[in-house]
Amino acid sequence: MDKTGAPKAVELTFTEDTVLTEVMRLRVGSLQRSGQKRQDGERLLLPYEGVYRLDFPVQALAFSCWHVSLTGRGRVTVTGVSQLWTPDLTNLMTRQLLEPVGTFWRNAGDPEDSPLKCLEADMHEFGERIADLAKVRKVMYFLLAFKEGAEPANLSCSVEFTPQM
């Protein structure tokens with residue numbers, strides 16, 4: 001709580017889960033080497049994607065806002081996974097992906113210091129969905145796609161929540 005008695009905001013940063021990213025890449029490589037096809041409805045990791053996570057220290061949260069910073073130009077898409085999955089036991093299925101997705105971008109002609117663009121209504125709805133899912137889990141996974149020149153090293157992405165009493 002702050003001095004006024006209001007709950008202090010909680011800012012959670014997306015962190016890459018390098019182990020899950022590598023497991024997902026190994027699955028793609030294994031299918032390619034063996035000449036097999038993915039399972040019906042399976043979602044394979046694309047070369048420009050990584051698996052990221054948010055760890056929730058508390059479960060009762062209300063969405064406040066996104067904090068996203070991207071150096072340079074490009075497009076970053078954040079797709080939530082609606083349920084926990086263990087890549088060593090089950091494959092990620094397309095039905096487990098949340099909508100709407102979050103997309104942030106800066107076009108090639110935009111000045112470097114221009115604010116990132118996004119679809120604000122979708123981003124707000126997505127943040128609220130994350131807060132709802134936080135009520136029943138301690139960690140949530142996301143696929144982050146980096147396109148049009150965006151690179152993971154140039155991104156800082158977090159979500160701010162207000163704890164609920």
Side-chain angles (χ1 to χ4, degrees), residues 1-4 6-25 28 43-85 92-135 137-164:
M1 300 232 177
D2 66 13
K3 294 176 188 173
T4 66
K8 186 174 176 162
V10 176
E11 186 175 344
L12 304 177
T13 301
F14 286 83
T15 55
E16 185 175 14
D17 191 316
T18 55
V19 172
L20 282 180
T21 298
E22 183 59 24
V23 167
M24 299 270 305
R25 293 203 191 294
V28 171
R43 175 58 162 80
L44 298 176
L45 196 65
L46 298 170
Y48 51 83
E49 292 178 321
V51 179
Y52 286 70
R53 64 186 285 155
L54 285 180
D55 292 279
F56 302 106
V58 295
Q59 273 58 60
L61 298 169
F63 170 71
S64 295
C65 63
W66 289 86
H67 298 281
V68 182
S69 167
L70 179 66
T71 304
R73 291 158 180 86
R75 179 176 299 268
V76 177
T77 303
V78 182
T79 304
V81 178
S82 66
Q83 61 192 53
L84 296 175
W85 98 100
L92 180 62
M93 305 305 278
T94 54
R95 68 178 176 271
Q96 296 171 299
L97 302 178
L98 291 177
E99 288 186 2
V101 299
T103 304
F104 300 93
W105 71 93
R106 185 176 295 116
N107 293 324
D110 295 344
E112 287 273 333
D113 58 351
S114 67
L116 287 174
K117 296 176 178 132
C118 70
L119 300 175
E120 290 183 32
D122 285 352
M123 294 311 303
H124 191 81
E125 181 182 343
F126 189 30
E128 289 176 343
R129 299 270 322 261
I130 294 169
D132 286 342
L133 289 167
K135 293 175 183 164
R137 62 184 61 179
K138 294 204 180 267
V139 65
M140 186 171 168
Y141 293 97
F142 299 83
L143 301 180
L144 269 67
F146 299 89
K147 300 178 184 173
E148 300 172 17
E151 297 286 336
N154 297 338
L155 176 73
S156 171
C157 186
S158 62
V159 185
E160 186 177 307
F161 300 96
T162 305
Q164 302 295 289

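Values below: all heavy atoms of this structure, side chains included; hydrogens, waters and symmetry mates excluded.
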- Working for side chain to side chain contact (heavy atoms under 4.5 Å, CB included), residues Thr103 and Leu119: CA-CA 7 Å; Thr103 304; Leu119 300 175; 5.9 Å; no
- Task: Tell me, with the steps shown, if Glu160 and His67 meet side chain to side chain contact (heavy atoms under 4.5 Å, CB included).
- Result: CA-CA 7 Å; Glu160 186 177 307; His67 298 281; 2.7 Å; yes
- Task: Could you go through the side chain to side chain contact (heavy atoms under 4.5 Å, CB included) check for Glu16 and Val51 one step at a time?
- Result: CA-CA 6 Å; Glu16 185 175 14; Val51 179; over 6 Å; no
- Could you please spell out the steps behind the side chain to side chain contact (heavy atoms under 4.5 Å, CB included) verdict for Ser64 and Thr162? CA-CA 6 Å; Ser64 295; Thr162 305; 2.9 Å; yes
- Task: Decide salt bridge (charged side-chain N to carboxylate O under 4.0 Å, His left out) for Glu148 and Arg106; before the verdict, give the C-alpha distance in whole Å, the side-chain angles of both, and the deciding distance to 0.1 Å.
- Result: CA-CA 9 Å; Glu148 300 172 17; Arg106 185 176 295 116; over 6 Å; no
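A heavy-atom distance below 4.5 Å is not found between the side chains of Val78 and Val101. Between Pro57 and Leu12, some side-chain heavy-atom pair lies under the 4.5 Å cut-off. The side-chain heavy atoms of Leu70 and Phe104, taken from C-beta on, include no pair separated by under 4.5 Å. Taking 4.5 Å as the limit, some side-chain heavy atom of Thr79 sits within range of a side-chain heavy atom of Thr77. For the pair Tyr52/Thr21, no side-chain contact is recorded, criterion being any heavy-atom separation below 4.5 Å from C-beta on. Two residues are said to be in side-chain contact when any heavy atoms from C-beta on lie closer than 4.5 Å; Trp105 and Leu116 fail this criterion. At least one side-chain heavy atom of Val68 sits less than 4.5 Å from a side-chain heavy atom of Leu155.
With rounding to the nearest 0.5 angstrom, the CD atom of Glu125 is 10.0 Å from the CG atom of Leu98. Here the OG atom belonging to Ser114 is positioned 7.5 Å from the CZ atom belonging to Arg73, to the nearest 0.5 angstrom. Rounding to the nearest 0.5 Å places CG of Asn154 at 9.0 Å from OG of Ser69. Distance check: Leu144 CG to Arg53 CZ gives 14.0 Å after rounding to the nearest 0.5 Å. To the nearest 0.5 angstrom, Glu11 atom CD is 10.5 Å from Phe161 atom CZ. Put simply, CG on Leu92 and CG on Leu45 are 9.0 Å apart, with the number rounded to the nearest 0.5 Å.
When every heavy atom of Lys147 is checked against every heavy atom of Tyr48, the shortest pair comes out as CE-CE1, 3.3 Å. Nearest heavy atoms, Leu133 versus Met140: CD1-CE, 3.5 Å. Scanning both residues, Leu46 and Arg25, for their nearest heavy atoms gives O-NH1, 3.4 Å.
For the 3.5 Å distance criterion, the side chains of Gln96 and Ser82 fail to qualify, holding no donor opposite an acceptor.
A 6.0 Å sphere centred on NZ of Lys138 holds no more than 12 heavy atoms belonging to other residues, nucleotides or ligands. Other residues, nucleotides and ligands place no more than 12 heavy atoms under 6.0 Å from the CD atom of Glu120.
In this structure, the side chain of Glu99 does not engage the main chain of Leu97 through any donor-acceptor pair within 3.5 Å. Counting only distance, with no hydrogens or angles, the side chain of Gln59 and the backbone of Arg137 share a donor-acceptor pair below 3.5 Å.
For the pair Arg43 and Glu49, the salt-bridge criterion is met [side-chain N within less than 4.0 Å of a carboxylate O].
Listed by first then second residue, pairs satisfying ring-ring contact (aromatic ring centres under 6.0 Å, His included) with a partner in residues 112-132 read Phe63-His124, Trp66-Phe126, not counting sequence neighbours.
Qualifying side chain to side chain donor-acceptor pair (under 3.5 Å) partners for Asn107, counting only residues two or more places apart in sequence or in other chains: none.
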